[in-house]
Every structure is written in structure tokens, then in C-alpha cells.
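First comes the structure, then the notes that go with it.
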Amino acid sequence: MVHPAGRHRFPALHRDRPRTGARWRNASPLRRPAAALRVTLAAVAALVTAACSAHPAPTTEPVPPAPVSAARLSTALPDDPVRMVLPATGAETRWTQGLDVFVRQEARAVTASCAHDLGTEPPTQDPVAFIRYYELPDLDFVARHGMSGSAAVPVVTPGPVRTDTGDRSGTGSERLVGRGSGAGKGKRNGAGETGDTAVVRRCVTEGTAAATALRDTYAALQGQWFGTLVPLRHDPAVLRALRTLPGCLARRGIRVRDENGFFALADARQQTTSADRLPTVERALGSAYADCMRPVEAVREPARLRLRARFLADHAAEVRTLRANLLPALRRAGEEHGLRLVFPAP
């Protein structure tokens, strides 16, 4: 399963996996394409990759940390929307994840409202989930909740539909609907295609367009920012820090050659571990990963903060526009569709 809005993600970005609604890696530059891997194929690919990138699996698994309470939700906004759109630390990506979810929920709310208005059912989709950015790992969160664990995204309860005459009726997500004299099942404003499939397709298109309009308030600038971070992968200080990772993981019973080998091993474990043991195994892996990546983030995080300060100066006009427009646009969308902007919190 891949991130829905395909424009601004790092190439080869590590993310959570499909079983929990998140992913490890993006195949295309700077964004999340749309193609879900089947579990069987994911398991095969992960096992093959693990064989190529990792040493033989350890005879003992890392010791899991003590159980913790589930991740929770927060509604606290950053003091500057820049930190939500242009994250420089793992903790700041919690706001970015919440923004991603909000945009996807708007698409679904508009689709559901359209389908209700036209007397059909919206398409069945996987639940929306927070998707992590492993290029900017949130180590405190990973240490506490494992490689995939996160807060559950609240289900949006559709609100009433607002018509162009000001009336409120129905139970679809709140949305401005222009009703022509021929509107009804299979038609929109008297001139739509007939048949549920065509109607659903039109409603999905409408939802996608609404989400795209909201995303366009920040996507171009965010894409440029993520591109600015890519050269850090080859920074000599970062590479020196990453060379400490295999030895650190080996001391915790995890034998891999590099970070990619760790992700391959974690993917294989995620696909082959029984459901009752999976949370424990994932928290053990997350705890080991967080401990061993702290020296790397001690180098990368200050570098990202310096890069962001320079980026903000170089894009001052676009940043002013972002600061002026983003939060009002989110508030309007929330009020219109009954959505809340929420973020995962440890």
C-alpha cells in the first residue's frame, strides 16, 4: 500500500508497512505513488531482499522493552506551519503525518458526500493510517511503539450536506452541492453518466480534485524541501555515523550489513511473525533501531536544521504565502467536511 498523493516523498524513502497502513519505501521520486503490494508478494520480496542485504538471522531475537500504553492523538498545532510542511526532525514529522491524513480524509469525505447525494455507496477503501517518514526517523516514537505502531486515525462521521440553497439534508459529509433538476441516482446536475460504477468514478474524481486543491497550497514547496535533504545521504559525516549501525545492532542480536538490511529483516519478520507475537517483535526491533540510530540523527538533525534555515531564506516569498494561507485553508476544509486535524503522539 502506498501513500496516496504522489508528488512529494523522498526517492527510496523508508516508511512503515502495508499491514499497519504505512510503508517502507517509495519507488518514485518525491512522492507516494498508488499501487498496493499484495502480502504474498511483499513477503517474497522482503525475504529475498533480506537474503541479499542481511547476514543470517540471529538465533535469538532482541529483548523487547516493557509494555507501554498505546500511542495517542494530539491536536496541538506547531508554533509555525513551516514545521508541519517542511519537517527537519523526526518529532516534527508527526505534524506532517497528520497533514497527510487530513488531506486524504478530505478526499474521502467529498467522495462520500457526492455518492450520498447521488444515491449510491462510496467505494470501499482501506482505513486511513499515519505514515512515517523514515528518512527523518522519529526515534522516540519508534523506541516506544515499534517499527509500525502508531495512533489510530479517528473515523470521520459524515455530517449533513449543504445545498446551494442553504438547506441541510441527508447524512453525507458536509459539502457544497449544486442540485440540478435532473440530479439523482446515476446523474449529477441532470447531465451525468448513468450506472453506479460511473457515478462512483465521478465522485472519486471529485474527492481527488478537492484534496489536490488543498495539497497544492503546500506541495510544491514541500517537494523542493525534500529534494534539498537528499544529498545528506552522501554527506561524509552521515556516512561515518551510519557505519556504526551494524555493530550496534549486532550487540542487540540483529546481524545486518546496513540500514537497508535492517529494514529488509524487519519486513521479513513482519510478514512471518504470528499476529499475537507481532507487537512484541516490532517493539523489540524498534527499540534496537532507535538506540542504534541516535548517533546518526545526532549528525543529521543539526544538518537538516541548518539546511532549513537556508531554505527558508532562499524561498522567503513562498514561505510567507504558506504561513498566510495554509492554516486558514485547513480550517475551511475542516468546517466544510467535519474533519479534525490530529497528529500521532507517543
TODO: Any chance you could lay out the side chain to side chain contact (heavy atoms under 4.5 Å, CB included) test for Leu322 and Thr217, step after step, and finish with the verdict?
DONE: CA-CA 7 Å; Leu322 175 74; Thr217 61; 5.8 Å; no

Task: Pair Leu330-Met84, side chain to side chain contact (heavy atoms under 4.5 Å, CB included): steps then yes or no - done: CA-CA 12 Å; Leu330 294 175; Met84 180 161 53; 4.0 Å; yes

TODO: Just do the salt bridge (Lys or Arg N to Asp or Glu O under 4.0 Å) check on Asp140 and Arg294 with the steps written out, would you?
DONE: CA-CA 10 Å; Asp140 289 340; Arg294 290 193 191 281; 3.2 Å; yes

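Between the side chain of Trp225 and the backbone N or O of Pro87 there is at least one donor-acceptor pair closer than 3.5 Å. A distance-only check finds a donor-acceptor pair linking the side chain of Thr93 to the backbone of Gly90 [under 3.5 Å]. No donor-acceptor distance shorter than 3.5 angstrom exists from the side chain of Ser113 to the backbone of Ala109, with no hydrogens or angles considered. At least one donor-acceptor pair under 3.5 Å links the side chain of Arg104 to the backbone N or O of Ala129. In this structure, the side chain of Thr273 does not engage the main chain of Gln270 through any donor-acceptor pair within 3.5 Å.
Using a 4.5 Å heavy-atom cutoff, the side chains of Asp235 and Leu239 are not in contact. Side-chain contact between Cys292 and Arg252 is present, with heavy atoms from C-beta onward closer than 4.5 Å. In this structure, the side chains of Cys114 and Leu118 come closer than 4.5 Å at one or more pairs of heavy atoms. Looking only at side-chain heavy atoms (C-beta outward), Leu229 and Glu135 stay at 4.5 Å or farther from each other. Side-chain contact between Arg304 and Arg300: present, with at least one pair of heavy atoms (C-beta onward) separated by less than 4.5 Å. Looking only at side-chain heavy atoms (C-beta outward), Thr89 and Leu136 stay at 4.5 Å or farther from each other. With a 4.5 Å cut-off on side-chain heavy atoms, Phe130 and Val342 count as touching.
Atom CD of Glu121 is surrounded by 12 or fewer heavy atoms from other residues, nucleotides or ligands within 6.0 Å. Shown here is Arg340, whose CZ atom has no more than 12 heavy atoms of other residues, nucleotides or ligands within 6.0 Å.
Using cut-offs of 30° and 60° for the angle between ring planes, the Phe262 and Tyr289 rings count as parallel. Taking the six-membered ring where the residue is Trp, His315 and Phe311 present parallel rings, their angle staying beneath 30° rather than reaching 60°. Ring-plane geometry between Tyr133 and Phe226 is classed as tilted, the angle between the planes lying from 30 to 60 degrees on a 0 to 90 degree scale.
In this structure, CD on Glu106 lies 10.5 Å from CZ on Arg332, to the nearest 0.5 angstrom. Remark: Arg94 CZ to Asp138 CG distance equals 4.0 Å, nearest 0.5 Å. A distance of 12.0 Å separates CG in Asp267 from CZ in Arg269, rounded to the nearest 0.5 Å. With rounding to the nearest 0.5 angstrom, the CD atom of Glu259 is 10.0 Å from the CZ atom of Arg233.
Arg144 and Ser69 share a side-chain donor-acceptor pair at under 3.5 Å. The closest side-chain donor-acceptor pair between Ser148 and Glu282 falls under 3.5 angstrom.
Across all their heavy atoms, Ala211 and Ala107 have their closest contact at CB-CB, 3.7 Å. Leu307 and Thr228 make their closest contact through CD1-O, 4.1 Å (heavy atoms, listed as atom of the first residue, atom of the second, distance). Closest heavy-atom contact between Val142 and Tyr134: CG2-OH, 3.6 Å. For Tyr218 against Leu326, the heavy-atom pair with the smallest separation is CD2-CD1, 3.9 Å. Minimum heavy-atom separation, Gln222 to Leu86: CA-CD2, 3.8 Å. Residues Val101 and Val153 come closest through the heavy atom pair CG1-CG1, 3.7 Å.
By the criterion of side-chain heavy atoms lying less than 4.5 angstrom apart, applied directly or through intervening Ile, Leu, Val, Met, Phe, Trp or Tyr residues, Met293 is not grouped with Phe141; the two fall into different hydrophobic clusters. When hydrophobic clusters are built by joining Ile, Leu, Val, Met, Phe, Trp and Tyr residues whose side-chain heavy atoms come closer than 4.5 Å, directly or via intermediates, Val85 is grouped together with Leu77.
Of the candidates Leu341, Leu339, Val110, Leu339 is the only one forming a side chain to side chain contact (heavy atoms under 4.5 Å, CB included) with Gln105.
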